[in-house]
Amino acid sequence: MRRRAAVLCAGLALLAGCATAPGERPHDADGRAPGAAPAGGRSPVPGRAPTGGHRAPDLPPVVDHVATRDPVVFLTYDDGAERDPRFVGLVREQRLPVSLFLTDSVVGPGYAHFARLRAVGASLQNHTLDHPALRGLPYAGQRAEICGQQHKLRTRFGVRPQLFRPPYGTYDTTTLRAAADCGIRAVVLWRASLDGDGELDYRRGERRLRPGDIVSVPSGDTDSLTLAERTRRLLREIDRRGLRVGRLEDHLEHAPEKALEREPENALERTPETAPERAAGRRAAGN
């Protein structure tokens, strides 16, 4: 019966546009069955129409702070340009649950260094393949940057990152769609960042560390302090505030929706302080 139906379908294809044989499920334009998860593993929102050739997923939250009663802050490190062996010892010695947002083209041949960091407790997260400013790029380009780095980290380390940091902190709705399709659960920015001299700069709010703050430590060559030295200085400030370092992934996973502090509503329309046109040559300050 199925064979007769398939022959009939083939014969009427030009007239009726028949695409599948009886008993087979139709597929979307990218080859997925309706309702199947996209390449990143997230399921589309039921009942929402496809957009741009793929189903629109739930967009991940964009966070720079986690509302928590725990006296913790979260240390995140960007790019992977600075490979200080003493930093590995510091993470092991202090048992620091740091999160490393890696860019493939920056890390280059240094993946063995990050394997050592992972072995002593660091988590590896996504910071794109080539560190472009994503905002304004087409969906295909943004997805290639994010999913490409997901593939690299999975191939090299067997990990599938859940967190993503857009280069320079710039993003748009297309970035969030692409990130969701690549399996990203949260887009992570920062409320405070550490400069090359070990001083904290704040993007918004109070000019001091508070529980739940996400702190960015950009990588880059400095003439004064190494990455380990800058981190030790930061740890002293954290201790002075009566805080400790927490694991960001755990807090994001278990935090209720209302605990995730998002960017202001106009964030997609404004130009961040670390705009790429002003970040050339100063990646240490531009993330």
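A quick note: this is a predicted structure, and the numbers were derived from the prediction, not measured.
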Next item on the list: Using a strict cut-off of less than 4.0 Å between a Lys/Arg side-chain nitrogen and an Asp/Glu carboxylate oxygen, indicate whether Glu237 and Arg241 qualify as a salt bridge.
Entry: yes
Notebook entry, point to check: Step by step, would you call Arg143 with Cys182 a side-chain contact (heavy atoms from CB on, under 4.5 Å)?
Noted result: CA-CA 7 Å; Arg143 175 168 174 153; Cys182 294; 3.9 Å; yes
Margin query: Ignoring hydrogens, what is the shortest heavy-atom contact between Leu243 and Leu209? Give both atom names and the distance.
Written below: CD1-CB, 4.0 Å
Notebook entry, point to check: Can you tell me how far CZ of Arg240 sits from CZ of Arg208, rounded to the nearest 0.5 angstrom?
Noted result: 10.5 Å
Notebook entry, point to check: What pairs with Ala122 under side-chain contact (heavy atoms from CB on, under 4.5 Å), at least two apart in sequence or on another chain?
Noted result: Val98, Leu100, Leu117
Note to self: Return the NZ to CZ distance between Lys152 and Phe157, rounded to the nearest 0.5 Å.
What the structure shows: 11.5 Å
Margin query: I need the Thr128 OG1 to Asp79 CG distance, nearest 0.5 Å.
Written below: 8.5 Å
Margin query: side-chain contact (heavy atoms from CB on, under 4.5 Å), that's the test. Do Val88 and Arg92 meet it? Break it down for me.
Written below: CA-CA 6 Å; Val88 180; Arg92 179 180 60 249; 4.2 Å; yes
Next item on the list: Please report the closest heavy-atom contact between Ala228 and Leu90, naming both atoms and the distance.
Entry: O-CD2, 3.8 Å
Next item on the list: Could you tell me which residues satisfy side-chain contact (heavy atoms from CB on, under 4.5 Å) with Pro97, sequence neighbours excluded, listed by chain and number?
Entry: Val245, Arg247
Item checked: Backbone N/O of Arg160 and side chain of Gln150: donor-acceptor pair under 3.5 Å -> no
Next item on the list: Just jot down the side chain to side chain donor-acceptor pair (under 3.5 Å) partners of Gln162, sequence neighbours excluded, or say none.
Entry: Arg185
Note to self: If you define the side chain from C-beta out and look only at heavy atoms, does anything of Glu145 sit under 4.5 Å from Leu137?
What the structure shows: no
Checklist line | Main-chain N/O of Tyr202 paired with Arg207 side-chain donor or acceptor, under 3.5 Å | finding: yes
Notebook entry, point to check: Would you call Pro166 and Val187 a side-chain contact if the rule is heavy atoms closer than 4.5 Å?
Noted result: yes
Check: Could you go step by step and tell me if His251 and Asp70 meet the side-chain contact (heavy atoms from CB on, under 4.5 Å) rule?
Finding: CA-CA 10 Å; His251 279 74; Asp70 293 340; 3.2 Å; yes
Notebook entry, point to check: How many angstroms lie between atom OG1 of Thr175 and atom OH of Tyr139, to the nearest 0.5 angstrom?
Noted result: 11.5 Å
Notebook entry, point to check: Where the side chain of Tyr77 meets the backbone of Leu102, is there a donor-acceptor pair that is under 3.5 Å apart?
Noted result: no
Checklist line | Considering all heavy atoms, the nearest Gln142-Leu134 contact | finding: NE2-O, 3.0 Å
Notebook entry, point to check: Under the 3.5 angstrom rule, does the side chain of Arg230 hit a backbone N or O of Leu225 as a donor-acceptor pair?
Noted result: yes
Note to self: Keeping Asp239 on the side-chain end and Arg236 on the backbone end, is there a donor-acceptor pair under 3.5 Å?
What the structure shows: no
Note to self: Looking at Pro167, is its backbone amide N or carbonyl O close enough to the side chain of His131 to form a donor-acceptor pair, meaning the two atoms are under 3.5 Å apart?
What the structure shows: no
Check: Got a donor-acceptor contact below 3.5 angstrom from the Thr76 side chain to the Val215 backbone?
Finding: yes
Notebook entry, point to check: Do Leu75 and Leu235 have side-chain heavy atoms sitting under 4.5 Å apart?
Noted result: yes
Notebook entry, point to check: Under 3.5 Å, side chain of Asn126 to main-chain N/O of Ile146, donor-acceptor pair present?
Noted result: yes
Checklist line | Donor-acceptor contact below 3.5 Å, side chain Gln125 vs main chain Ser99 | finding: no
Checklist line | Which atom of His65 lies closest to which atom of Ala67, heavy atoms considered | finding: CD2-N, 3.8 Å
Note to self: If you compare all heavy atoms of Pro138 against all heavy atoms of Thr174, which two are closest, and at what distance to 0.1 Å?
What the structure shows: C-CG2, 4.2 Å
Check: What is the distance from atom CG of Asp201 to atom OG of Ser216, rounded to the nearest 0.5 Å?
Finding: 10.5 Å
Margin query: Restricting to side chain to side chain donor-acceptor pair (under 3.5 Å), what partner residues turn up for Asp84, sequence neighbours left out?
Written below: Arg86, Thr226
Next item on the list: Determine the minimum heavy-atom distance between Ser219 and Gly80, stating which atoms define it.
Entry: OG-N, 3.5 Å
Notebook entry, point to check: salt bridge (charged side-chain N to carboxylate O under 4.0 Å, His left out) with Arg232: which residues, sequence neighbours excluded?
Noted result: Glu93
Checklist line | Sub-4.5 Å side-chain heavy-atom contact between Val188 and Leu252 | finding: yes
Check: Can you check whether Leu189's main-chain N or O pairs, donor with acceptor, with Arg165's side chain at less than 3.5 Å?
Finding: yes
In a table with atom names and distances, give each donor-acceptor pair under 3.5 Å that connects a side chain of residues 105-113 to protein atoms at least two apart or in another chain.
unit_1	atom_1	unit_2	atom_2	d
Ser105	OG	Leu129	O	3.1
Tyr111	OH	Asp104	OD1	2.8

Item checked: Euclidean distance, Phe164 CZ relative to Tyr171 OH, rounded to 0.5 Å -> 11.5 Å
